[in-house]
Structure formats: structure tokens, C-alpha cells
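Written below as C-alpha cells is the structure these notes are about.
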Amino acid sequence: MRSVNSWNLTNNELHQLFKDNNEFISIKVRGNTWEPITRWLRLDSRIFRETTSKARITLCDIESLAEIYNYRSIRWKAKKLTPMPTKVIPESIKNIFRKIPIIRQLAYELEIVFYKYSENISEHLISIVIPARNEAGNKELLINALNKFKNIPNKLEIIFVEGNSNDNTYDILKEIKENFSNFFKISLLKQTSKGKKNAVVEGFNICSGETLAIIDSDFTVDIDDSIAAIIESTKNKNILINCARTTFPMEKDAMRWANYIGNRLFAIFLSILINKPVSDSLCGTKVFSRKFFKLMKQNGSWDSKSDPFGDFTIIFEAANNNIKILNYPVRYYARKSGAPNISRWVDGLKLLKVCWIYMISDI
């Protein structure tokens, strides 16, 4: 990825930067507070001379120009808080301060990353992983979902990962696999460990699609919305579609009150840490590309066991790997059968630990 300091660019160099059609561009700009100060200290201002020698490029300027050349911003972050040396300060402490909103806004040096946008209508294979544990009561919803999957124009690969249920979920999935095998490539795995994150990992580790989707087997997220999100995600490999259940009014009893409050607080916290709005931190429906999946596999985050669900890891790693995070509003319903397979207090503490790991990192 090409990275440049905007204050050293001439007019032609600035425009040529975008005309070169690099897939990613990283540009550093002075913070709005420091930009005039640095010029005044060099006496490079109309206050002191008839004309200035350096460009004055702000974050707003560079975002506008990028859009003209069909580049889209992923996010910006504070790169350097002050012009003074800070080598004696531990890097983890500096990483925390770079994420604090007011301090971030007043930073000396900002870095913004863009990607070249292109929309591709592709017929590549889509892999859908559906973790299922104690979901026998949702058999009809499963069948309804697979019937609706027939409307997706791409070829589909469906991977059921059964989580050692106490009911006959495995037998039901086996029956569904036999009934729909003429329409899709269907795999049925029995989970070797436990937890949703492990189920998703085991499912995607055998998938072969270019677009990867996670859909929960309780189908509390409207299946039509999930399908629409999957189709939109196939158009660009550099996006993560994070479905958001909290945008529209949800059905009564769809989410317990404590879970709702926890989810909203985590969404705010994640938004602060990555400096990108996240509407729903724990929606089970997420869609991303094989490109992003490979990045997570390479850096080891995909196989990490610290995140009980995998949602936070996916969001943080998207920000860390310059993948654009897009919130996709979906309708959310109460469970028709069974109970959530989570321990909200214990898992909540695990999620706080995940946040701390990324808070002290240079994300």
C-alpha cells in the first residue's frame, strides 16, 4: 500500500496519487489544530508573506478529492499525538491515548486509508456457515431458509456445524442435507470442540467460496434481509457487512433487556476503538470476502480462542486490515423455539478482554 505525507505534495503530485489507480492509498495529514500552527512556526502563512510555499491539506480536503477519483475512505486514526519526542512512553500507553476521542481529534498527525471502489457483478461461489446447537425446534425455519436460498443467483455452498446438541438437531440437519443436496453443495460437520466461534472456524476452514457468510440457525434475523446482505457483499471484496438488529424496532422478547444494554455499550466502545461507527456489535449475521478471511488466517486472529463468538475479532480485524465496515439494517424477531446458547455475564467479561487486547494494540 502506498503511503505519503500530504504536506510534501505539489498539486500535480496530489492528483497523480489518485490517478495511478492503486488499490489502497494511505495519506498522512496534519490535524486541524496543528496545521496552522506548523505553518506559522515556519512563517509559511499569508500573515508573514505574499504567498505560501507548502500546501494546507486537511482531512476534509483529502476525503473530498478521493471521492472525485472514486476512492472511498475506510477510516482515519491518530498517528502522532504531538510533535515532541515520546520514545520514553510505552507503545501500549500511546496506543490507548490515540483512541481517546478528544485527544484523537487534537492529534498532530492523522492517517487516513482509502480503497479504490469498483462494483463487480460476479457469479462466484458463496459459502454460508450455519452453526446449530439444540435447534431441533427450528426445523421449519431451516427448511424455509434453504428454500429462499434458491433465489440467490450465485452457486451456494452450505456448511452446517452441529454443536453436540442435547436434542436431535444433527438428525434433522442430516435429513435437510439429503433433501436439498440437488440444489446446493451441503456439508454437515459435528463440532469437535464447543462455542460459536469454534463452530464458525471449523465451518469456514473447509469452505471454498469467495464470499463467506455466517447465519445463525435460530433465524431471528429476517432471512430475506440476510440474503440481501449476502448479495450486496458479492459486489466488492474489500467490505465487511455487519448486520445491525438495533436500527429498526425489534419484535417483543427478541433481545433480553440486559443483553440489549450490553450490546449497545459494546457497540459504542467498539466504535470509539476503531473510529468507525458500529451499530450492532454482536449480530450473528456477517458477510465478508475470502480475501479478508485469508488475512485473518495469516495473522492468527481467526484461530484465536479469546473471543467466544468471533464477532469482535472480525470487526477489529476488519479495521486492522483496511476492510471497510458497513452496517446493514435487518429486522430482528423473537426466537420461535429453544434458548440462546450464551452465558451473557461470563461471555461479557471475555469480550471485555478482547477489547482490551485491541485497545493497547496499534489498530
Side-chain angles (χ1 to χ4, degrees), residues 128-149 151-152 158-163 165-169 172-173 176 191 194-200 203 212-233 240-267 270 278-288 307-312 314-315 326-345 347-348 351:
I128 302 175
V129 168
I130 304 178
R133 183 174 183 270
N134 298 330
E135 300 291 356
N138 290 317
K139 178 181 178 179
E140 294 304 316
L141 293 176
L142 278 162
I143 293 172
N144 175 61
L146 266 70
N147 280 321
K148 291 196 172 187
F149 286 161
N151 297 323
I152 297 177
I158 298 170
I159 303 169
F160 292 115
V161 185
E162 194 279 320
S165 304
N166 297 320
D167 57 18
N168 63 332
T169 297
I172 287 172
L173 294 177
I176 290 173
Q191 190 176 349
K194 60 181 181 179
K196 181 186 173 181
K197 169 70 184 297
N198 173 259
V200 171
L212 315 181
I214 307 167
I215 295 182
D216 287 343
S217 54
D218 57 12
F219 295 100
T220 49
V221 171
D222 189 280
I223 189 60
D224 292 316
D225 293 342
S226 297
I227 290 171
I230 291 170
I231 292 172
E232 289 304 314
S233 185
L240 161 67
I241 288 189
N242 179 55
C243 289
R245 302 164 295 175
T246 56
T247 305
F248 293 108
M250 59 183 67
E251 195 171 73
K252 182 182 177 183
D253 299 325
M255 189 181 296
R256 290 178 289 184
W257 180 246
N259 291 34
Y260 179 81
I261 295 299
N263 187 16
R264 296 302 303 137
L265 291 174
F266 272 124
L270 264 64
V278 174
S279 298
D280 187 345
S281 59
L282 286 166
C283 183
T285 305
K286 288 180 171 57
V287 196
F288 47 92
D307 187 344
F309 311 121
D311 298 85
F312 282 22
I314 290 172
I315 290 171
L326 301 175
N327 297 301
Y328 192 93
V330 295
R331 290 162 288 184
Y332 190 52
Y333 308 124
R335 261 182 170 267
K336 298 296 185 286
S337 176
N341 295 302
I342 63 172
S343 175
R344 52 184 171 178
W345 303 114
D347 290 332
L351 293 174

Partners passing ring-ring contact (aromatic ring centres under 6.0 Å, His included) against Y333 (at least two apart in sequence or in another chain):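 Partners of Y333 under the ring-ring contact (aromatic ring centres under 6.0 Å, His included) test: none.
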
Quick one: list whatever passes ring-ring contact (aromatic ring centres under 6.0 Å, His included) with F312, sequence neighbours left out.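 So F312 forms a ring-ring contact (aromatic ring centres under 6.0 Å, His included) with F266.
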
Indicate the atoms forming the closest heavy-atom contact of A199 with V129, along with that distance.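 Answer, listing the atom of A199 first, then V129: O-CG1, 4.5 Å.
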
What's the shortest heavy-atom distance between G284 and D216, and which atoms?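 The answer is CA-OD2, 3.4 Å.
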
Can you list the steps and then say if Y328 with V287 is a side chain to side chain contact (heavy atoms under 4.5 Å, CB included)? CA-CA 10 Å; Y328 192 93; V287 196; over 6 Å; no

For residues [X] and [Y], determine if any side-chain heavy atom of one lies less than 4.5 Å from a side-chain heavy atom of the other.
X: D311; Y: C283; answer: no
X: L173; Y: L142; answer: yes
X: T247; Y: N327; answer: no
X: I315; Y: N242; answer: yes

Using only atom types and a distance under 3.5 Å, with no angle test, would you say the side chain of [X] pairs donor to acceptor with the backbone of [Y]?
X: T285; Y: I215; result: no
X: R264; Y: S279; result: yes
X: S337; Y: A136; result: no

Can you list the steps and then say if I158 with I130 is a side chain to side chain contact (heavy atoms under 4.5 Å, CB included)? CA-CA 8 Å; I158 298 170; I130 304 178; 4.1 Å; yes

What's the verdict on side chain to side chain contact (heavy atoms under 4.5 Å, CB included) for L351 and L282, showing C-alpha distance, side-chain angles and the deciding distance? CA-CA 10 Å; L351 293 174; L282 286 166; 4.0 Å; yes

Surrounding NZ of K194 (heavy atoms of other residues, nucleotides or ligands, distance under 6.0 Å), is the total greater than 12?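 No, because the 6.0 Å sphere around NZ of K194 holds 12 heavy atoms or fewer from other groups.
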
Sequence-distant partners of [X], side chain to side chain donor-acceptor pair (under 3.5 Å), two or more places apart:
X: K139; answer: E175
X: S281; answer: N263
X: K197; answer: none
X: N138; answer: E135

Where at least one partner belongs to residues 218-233, residue pairs that pass salt bridge (charged side-chain N to carboxylate O under 4.0 Å, His left out), sequence neighbours excluded: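 Passing the test, one end in residues 218-233: K148-D224, D218-R335, D222-R331, D225-R331, E232-K235.
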
Quick one: pull up [atom1] in [X] and [atom2] in [Y] and give me the separation to the nearest 0.5 Å.
X: I231; Y: S226; atom1: CD1; atom2: OG; result: 11.0 Å
X: F149; Y: N144; atom1: CZ; atom2: CG; result: 9.5 Å
X: Y332; Y: T220; atom1: OH; atom2: OG1; result: 4.0 Å

side-chain hydrogen bond (donor to acceptor under 3.5 Å, both in side chains): which pairs involve residues 248-260, sequence neighbours left out?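 For residues 248-260, and leaving out neighbouring residues, the side-chain hydrogen bond (donor to acceptor under 3.5 Å, both in side chains) pairs sorted by first residue read N259-R344.
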
Between I314 and I214, does a side chain to side chain contact (heavy atoms under 4.5 Å, CB included) hold up when you go through it step by step? CA-CA 11 Å; I314 290 172; I214 307 167; 3.9 Å; yes

Go through the structure and list residues passing side-chain contact (heavy atoms from CB on, under 4.5 Å) with [X], not counting sequence neighbours.
X: N147; answer: I143, K150, F180
X: S165; answer: R133, N134, E162, D167, T169
X: N151; answer: none

What pairs with D307 under salt bridge (charged side-chain N to carboxylate O under 4.0 Å, His left out), at least two apart in sequence or on another chain?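 For D307, no residue satisfies salt bridge (charged side-chain N to carboxylate O under 4.0 Å, His left out) once neighbours in sequence are set aside.
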
